[in-house]
Amino acid sequence: MRTGIFVGSFDPFTIGHDSIVRRALPLFDRLVIGVVGDNVNKKYMSPAEERMETIRNLYSENESIEVKPYFGLTVDFAKSEDATFIVKGVRSVKDFEYERAQADINRKMSGIETILFYAEPHLESVSSSLVRELAHFGKDVRMFLPEKMERLKD
């Protein structure tokens with residue numbers, strides 16, 4: 001069974017994250033979305049359990065997607081899930097350089113490969129931190145969230 005992991009804080013889970021999941025799915029029998037647990041050094045819009053539940057509901061009809069809490073090193077989480085690939089998204093050269101270095105270290109430590117998905121051009125500026133900031137100032141952020149997420153909240 002080919003298993004990949006896609007990890008992040010997903011605070012919130014954006015249309016950019018959804019794009020990566022949908023594009024990665026055909027490569028795997030099982031895709032585990034690892035949601036970073038609450039970190040005392042970071043302020044989250046919503047608790048980890050709520051973020052996980054939102055993502056589970058978003059993909060409830062897809063049996064090949066699992067959503068789990070994630071703590072510690074990505075390679076350790078990958079090993080615990082018997083994953084052979086780490087899935088990452090990159091929006092810019094800055095993202096690429098960071099993820100390239102991480103992929104190299106992860107491969108050296110564990111033999112696990114990283115697959116980079118480039119952001120679709122219309123999603124390059126979408127980030128969770130941008131969405132959090134806009135929401136903080138009372139702006140409507142629905143255009144940056146997967147459509148089904150809004151229907152789930154209604």
Side-chain angles (χ1 to χ4, degrees), residues 1-120 123-124 126-132 135 144-153:
M1 176 180 279
R2 289 172 312 192
T3 298
I5 62 163
F6 180 41
V7 298
S9 60
F10 305 121
D11 185 38
F13 192 85
T14 69
I15 54 177
H17 297 129
D18 182 59
S19 170
I20 299 300
V21 168
R22 294 191 183 285
R23 292 162 51 210
L25 271 174
L27 301 176
F28 303 104
D29 301 306
R30 177 174 165 252
L31 182 64
V32 180
I33 300 174
V35 177
V36 175
D38 294 328
N39 177 341
V40 294
N41 296 321
K42 186 174 179 182
K43 184 174 166 100
Y44 293 103
M45 253 177 37
S46 53
E49 191 54 51
E50 187 176 313
R51 288 179 271 141
M52 287 188 297
E53 192 60 31
T54 298
I55 299 167
R56 279 186 194 113
N57 288 337
L58 184 61
Y59 298 111
S60 62
E61 296 171 9
N62 193 321
E63 293 178 5
S64 63
I65 296 176
E66 296 177 30
V67 181
K68 297 186 174 187
Y70 154 66
F71 299 93
L73 294 176
T74 302
V75 291
D76 292 338
F77 182 64
K79 286 179 183 178
S80 73
E81 293 299 324
D82 293 321
T84 51
F85 294 94
I86 298 167
V87 173
K88 298 295 227 139
V90 293
R91 295 168 298 197
S92 65
V93 171
K94 182 180 173 184
D95 284 353
F96 174 79
E97 286 298 325
Y98 176 80
E99 296 300 346
R100 183 201 54 77
Q102 290 293 311
D104 184 46
I105 296 300
N106 288 339
R107 185 178 48 258
K108 286 177 180 172
M109 288 176 39
S110 67
I112 297 172
E113 291 288 345
T114 299
I115 298 174
L116 299 178
F117 282 86
Y118 295 100
E120 295 178 82
L123 300 175
E124 287 176 344
V126 177
S127 71
S128 291
S129 54
L130 170 78
V131 173
R132 279 194 310 276
F144 303 114
L145 304 176
E147 192 176 301
K148 187 178 176 187
M149 276 176 56
E150 272 309 303
R151 289 196 307 264
L152 292 170
K153 291 180 182 180

- Query: Could you state the interatomic distance from CG (D11) to CZ (R51), rounded to the nearest 0.5 Å?
  - Reply: 5.0 Å
- Query: In Å, rounded to the nearest 0.5 Å, how long is the span from CD1 of I5 to CG of D82?
  - Reply: 11.5 Å
- Message: Taking D104 first and then R107, would you say they form a salt bridge - that is, a charged N and a carboxylate O separated by under 4.0 Å?
- Response: yes
- Of all heavy-atom pairs between R91 and S127, which one has the smallest distance, and what is that distance? NH1-CB, 2.6 Å
- I33 side chain reached by F10 side chain, heavy atoms, under 4.5 Å: yes
- Item | Nearest-0.5 Å distance, CG of residue D18 to CG of residue L123 | 9.5 Å
- Would you say V67 and L58 make side-chain contact, with heavy atoms under 4.5 Å? no
- Quick one: does S19's side chain have a donor or acceptor within less than 3.5 Å of a partner on I15's backbone? no
- Query: To the nearest 0.5 Å, how far apart are CD1 in I86 and CD in Q102?
  - Reply: 9.0 Å
- Would you indicate whether the side-chain heavy atoms of M52 and Y70 approach each other to under 4.5 Å? no
- Task: Please examine the side chains of R2 and F85, heavy atoms only from C-beta on, and report whether any two atoms are closer than 4.5 Å.
- Result: no
- Task: Give a yes or no answer on whether the side chain of S128 reaches the backbone of P12 with a donor-acceptor pair at less than 3.5 Å.
- Result: yes
- Query: Is the shortest distance from a Lys or Arg side-chain nitrogen in E49 or R56 to a carboxylate oxygen in the other one below 4.0 Å?
  - Reply: yes
- Note on the structure: Value for OG1 (T114) from CG (L116), rounded to nearest 0.5 Å, stands at 6.5 Å
- Query: Is it the case that Y118 and D95 place a side-chain donor and acceptor less than 3.5 Å from each other?
  - Reply: no
- Item | Interatomic distance, H17 atom NE2 to L145 atom CG [nearest 0.5 angstrom] | 11.0 Å
- Indicate yes or no for a side-chain donor-acceptor contact from R30 to the backbone of E81 under 3.5 Å, with no hydrogens or angles considered. yes
- Query: With a 4.5 Å limit on heavy-atom distance, are the side chains of F13 and P146 in contact?
  - Reply: yes
- Taken in chain and number order and not counting sequence neighbours, the residues that satisfy side chain to side chain contact (heavy atoms under 4.5 Å, CB included) with F117 are I20, R23, A24, L27, V87, I115
- Item | Contact check, side chains of S64 and L31, non-hydrogen atoms, under 4.5 Å | no
- Note on the structure: Closest non-hydrogen atoms of A78 and I112, given as atom of the first, atom of the second and distance, are CB-CD1, 3.5 Å
